[in-house]
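Before any comments, here is the structure.
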Amino acid sequence: MPARPRLRIATWNINSLRLRAPLLRRLIDALDPDVICLQETKVPDELFPHDALAEYGYAHVAHRGMKGYNGVAVLSRLELAVADDAPDWCLKNDRRHLLVTLAAPGGPVDLHVFYVPAGGDVPDRAANPKYAHKLDFVAEAGAWFAARPGLRRTVLVGDLNIAPLEHDVWSHRQLLDVVSHTPAEVAGLNAWRDTAFVDAVRHFVPADQKLYTWWSYRNRDWRASDRGRRLDHAWVTPDLVPALAGHTILKDARDWPKGSDHVPVQIELTL
DNA sequence: ATGGTGGATGTTCCA
């Protein structure tokens, strides 16, 4: 294990790992991450594309996938161990979470990768089961971390599908009743984060500055309209805040050929 | 108010 103190962790909703595996070369060239966390891999574990990923040199891989939907994975230059006792959120067995322990400089770092349910279109728990699932998932995750006080050296990343701050969306007023920015979702996400974590990207970027990680495919000229939302997040426990050394939101990735509608987010720690 | 695009799948669901 190289004795370097730097740890770069990238997270990306890749929206089909098999389709977009070639784009990981661009991500690696741009960010040089030590660990890559992926969501919406959309590939069952028995079909995980180890061969297509081998050239990138991430020797340590963990994945939890299923056919067609969801799916999370971690590609790591550091040795890792997968926690086999992570919860089955909402008892759906739907492959939205991985917990690994990284053999990081200075000692182990726990890394959670989440893909929170998108929640459908109608922001009404009674009318829309997908929205109810999303709220329940966030509440359950918050309760799980609340039951584990004093977490240390822990990082949580992923597509959390909620933009919590006013300037995490292009129009706070117009998105208050749009799933991803409703007060109920924001309250749930904030409560979850506050059980154990600090928002590592907003640590660097003031709250009054617009910040997005996702632009809909349905905007033909996404950069001109710039109707984005910050759905992808990186959180760290407070003991790691002094180690935060930088962040990158790889906005240019939204223009990659056949790209995802999400762009990669990376944080760098000096451990 | 509506529909716009994209992936996996299979004539539709999910985002």
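So that the names make sense, note that chain A is the first sequence line, chain B the second, and so on, each numbered from 1.
Rounded to whole angstrom, the span from the CZ atom of Arg96(A) across to the P atom of dC14(B) amounts to 11 Å. The distance from atom CG of Asn13(A) to atom P of dG7(B) is 12 Å, rounded to the nearest whole Å. The distance between atom CG of Asp261(A) and atom P of dG6(B), rounded to the nearest whole Å, is 10 Å. We find that CG of Asp159(A) is positioned 17 Å from P of dC14(B), with the value rounded to whole Å. Atom pair Lys42(A):NZ and dC14(B):P shows a separation of 12 Å (rounding to whole Å applied). Taking atom NZ of residue Lys67(A) and atom C1' of nucleotide dC14(B), one finds them 15 Å apart after rounding to whole Å. Atom-to-atom, CG of Asn128(A) to C1' of dC14(B) comes out at 12 Å; the value is rounded to the nearest Å. Remark: C1' of dA15(B) and CG of Leu231(A) are 11 Å apart, rounded to the nearest angstrom.
Among the protein residues, Arg20(A) comes within range of the sugar-phosphate backbone only, with heavy atoms under 4.0 Å from sugar or phosphate atoms but none that close to a base.
When the side-chain nitrogen and oxygen atoms of Arg220(A) are compared with OP1 and OP2 of dG4(B), none of them lie within a distance under 4.0 Å. Within the 4.0 Å cut-off from OP1 or OP2 of dC13(B), not a single side-chain nitrogen or oxygen of Lys130(A) is found.
As rounded to the nearest Å, dT5(B) and dT9(B) have P atoms that lie 22 Å from one another. Comparing the same atom, P, in dA1(B) and in dC14(B) gives a spacing of 25 Å after rounding to whole Å. dG6(B) and dT2(B): their P atoms are spaced 23 Å apart (whole Å).
Across the interface with DNA chain B, nearest-nucleotide mapping of His262(A) and Gly68(A) shows Gly68(A) to be the residue nearer the 5′ end. Of the two residues contacting DNA chain B, namely Tyr69(A) and Tyr217(A), the nearest-nucleotide position lying further toward the 5' end is that of Tyr217(A).
Ion pairing between Arg6(A) and Asp34(A) holds under the 4.0 Å rule for side-chain N and carboxylate O. With salt bridges taken as basic N to acidic carboxylate O contacts below 4.0 Å, one links Arg77(A) and Asp32(A).
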What pairs of donor and acceptor atoms, side-chain ones from residues 140-150 of chain A against any protein atom, are under 3.5 angstrom apart with sequence neighbours left out?
| from | atom 1 | to | atom 2 | distance (Å) |
| --- | --- | --- | --- | --- |
| Glu140(A) | OE2 | Cys90(A) | N | 2.8 |
| Arg148(A) | NH1 | Trp144(A) | O | 2.9 |

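Note: Trp89(A) and His97(A) meet the aromatic proximity criterion, with ring centroids under 6.0 Å apart. Taking the six-membered ring for Trp, Trp192(A) and Trp235(A) have ring centres closer than 6.0 Å.
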